[in-house]
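Structure record follows, encoded as structure tokens.
Every heavy atom of this structure was used, including side-chain atoms; hydrogens, water molecules and symmetry mates were not.
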Amino acid sequence: LDREKYKIDQKVKGVLVAKVKSGSEAAEKGIMPGDVIVEINQQAVDSPKEALDIIRKTEMGGRNSILLLVNREGDARFVALKLKKK
């Protein structure tokens, strides 16, 4: 159903963005519901758990940003997001 609603091709694999918090770093960078996160830091993601694991490892490694490959209706683009300071 979500694939039809957001016009996501069956070949596109990744994690669907269902909601974006207003005023967040993601919102400011143009991430929108219906976008599909295909990769995080050049690692393919197929589930929200995989995405969270990569983000947590990145934070624990001391990095302050992540690089997303985002697919929107067949167009792919890279988006860098700052991570919150702990």
Side-chain angles (χ1 to χ4, degrees):
L1 292 170
D2 286 333
R3 283 189 182 272
E4 290 174 19
K5 178 180 177 182
Y6 293 114
K7 300 177 184 142
I8 300 168
D9 190 283
Q10 291 297 322
K11 297 176 201 158
V12 175
K13 304 272 190 255
V15 177
L16 177 68
V17 175
K19 193 163 123 180
V20 179
K21 185 177 177 181
S22 180
S24 67
E25 173 83 2
E28 289 176 14
K29 295 289 178 96
I31 303 290
M32 299 173 22
D35 287 350
V36 178
I37 299 170
V38 179
E39 294 179 356
I40 301 175
N41 291 344
Q42 299 180 330
Q43 296 176 58
V45 291
D46 292 320
S47 71
K49 183 188 179 321
E50 277 184 328
L52 282 173
D53 288 347
I54 293 169
I55 293 167
R56 286 186 180 127
K57 285 178 187 172
T58 301
E59 288 174 327
M60 288 172 41
R63 295 190 45 202
N64 60 3
S65 65
I66 57 172
L67 183 65
L68 306 178
L69 178 59
V70 178
N71 184 304
R72 179 180 296 156
E73 295 182 6
D75 292 326
R77 68 184 179 110
F78 286 101
V79 179
L81 296 180
K82 292 178 189 164
L83 295 172
K84 290 182 181 177
K85 300 281 185 204
K86 297 239 172 182

> Residues two or more places apart in sequence or in another chain: which of them pass side chain to side chain donor-acceptor pair (under 3.5 Å) with Lys49?
Replying inline: Asp53
What about [X] and [Y], same hydrophobic cluster or not, with Ile/Leu/Val/Met/Phe/Trp/Tyr joined at side-chain heavy-atom distances under 4.5 Å?
X: Leu81; Y: Val38; result: no
X: Ile54; Y: Ile31; result: yes
X: Val17; Y: Val12; result: no

> Applying salt bridge (charged side-chain N to carboxylate O under 4.0 Å, His left out), which residue pairs with at least one partner in residues 16-25 are found, sequence neighbours left out?
Replying inline: Glu25-Lys29
>> Whether the side chain of Asn41 engages the backbone of Gln43 through a donor-acceptor N/O pair (distance < 3.5 Å, no angle test) should be reported.
In response: no
> Does any N or O in the side chain of Arg63 come within less than 3.5 Å of the main-chain N or O of Leu83, such that one atom is a donor and the other an acceptor?
Replying inline: no
>> Given Asp2, which partner from the list Val36, Leu16, Ile8 fulfils the side chain to side chain contact (heavy atoms under 4.5 Å, CB included) test?
In response: Leu16
Return all side-chain donor-acceptor pairs below 3.5 angstrom for residues 66-75, not counting sequence neighbours, or 'none' if the list is empty.
from  : atom 1 : to    : atom 2 : distance (Å)
Asn71 : OD1    : Gly74 : N      : 3.0
Arg72 : NE     : Asp35 : OD1    : 2.6
Arg72 : NH2    : Gly30 : O      : 2.6
Arg72 : NH2    : Asp35 : OD1    : 3.4
Arg72 : NH2    : Asp35 : OD2    : 2.9

> Where is the tightest heavy-atom contact between Val15 and Pro48, given as atom of each residue plus distance?
Replying inline: CG2-N, 3.9 Å
>> Looking at every non-hydrogen atom in both residues, tell me the closest pair between Ala18 and Pro33 and how far apart they are.
In response: O-CB, 3.6 Å
> Taking atom CG of Asp9 and atom CZ of Arg3, what is their separation to the nearest 0.5 Å?
Replying inline: 7.5 Å
